[in-house]
Asks: 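Before I ask anything, let me first share the structure, which is written out below as structure tokens.
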Amino acid sequence: MTQMTPPPAQPGPSGPETEPPFLTLHTTVVLLTALVLGLLVGGLTVLAGVPVAGAALAGLSAAGSTVPVLRSLIGQPREHPGL
């Protein structure tokens with residue numbers, strides 16, 4: 001027995017609009033880079049012999065202070081009018 005499956009519905013121009021993503025690509029890249037830098041600073045601080053609580057504070061402060069810098073360094077993607 002073979003069954004016919006209906007073709008997938010194609011959204012038309014009047015179809016339901018998709019909701020925007022939770023985080024933009026720019027925000028995701030900035031936050032992930034800040035996370036990696038915070039982990040790096042925290043790990044290096046532990047290796048330097050500082051207690052773990054101090055290293056955690058160093059990593060958190062490093063990650064927090066890099067967000068504004070990374071936000072200005074990593075530019076917003078340009079909109080292409082032809083696409």
Side-chain angles (χ1 to χ4, degrees):
M1 288 181 144
T2 58
Q3 292 180 336
M4 297 291 291
T5 57
Q10 298 291 329
S14 63
E17 295 191 19
T18 60
E19 66 181 62
F22 182 68
L23 294 174
T24 63
L25 179 63
H26 179 260
T27 304
T28 305
V29 169
V30 167
L31 291 178
L32 283 177
T33 307
L35 175 71
V36 168
L37 289 173
L39 289 173
L40 183 68
V41 168
L44 288 174
T45 307
V46 166
L47 291 176
V50 177
V52 176
L57 286 175
L60 285 172
S61 62
S65 63
T66 57
V67 169
V69 175
L70 289 170
R71 186 173 177 263
S72 64
L73 287 177
I74 302 172
Q76 292 277 358
R78 295 186 195 140
E79 295 293 327
H80 297 290
L83 295 177

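Fair warning: this is a prediction, and the values are worked out from it, not measured in the lab. Note: hydrogens, waters and symmetry copies are ignored here, and every other heavy atom, side chains too, is used.
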Asks: Do you know which two heavy atoms are closest between Ala58 and Thr45, and how far apart they sit?
Replies: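 Closest pair (atom of Ala58, atom of Thr45, distance): CB-OG1, 3.9 Å.
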Asks: Hey, which of Thr28, Thr24, Val29 is the one that makes side chain to side chain contact (heavy atoms under 4.5 Å, CB included) with His26?
Replies: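 By the side chain to side chain contact (heavy atoms under 4.5 Å, CB included) criterion, His26 pairs with just one of Thr28, Thr24, Val29: Thr24.
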Asks: Do you reckon Val50 sits in the same ILVMFWY cluster as Leu39, going by side-chain contacts under 4.5 Å, direct or chained?
Replies: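 No, because Val50 and Leu39 fall into different hydrophobic clusters, even though each may have its own neighbours under 4.5 Å.
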Asks: Do you know which of Val30, Leu25, Val69 makes side chain to side chain contact (heavy atoms under 4.5 Å, CB included) with Ile74?
Replies: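 Going through the options one by one, the only one that passes is Val30.
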Asks: How far apart are the closest heavy atoms of Ala34 and Ala63, and which atoms are they?
Replies: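 Nearest heavy atoms, Ala34 then Ala63: O-CB, 3.4 Å.
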Asks: Shared ILVMFWY cluster between Leu37 and Val67, side chains joined below 4.5 angstrom?
Replies: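 The answer is yes; both residues are in one hydrophobic cluster.
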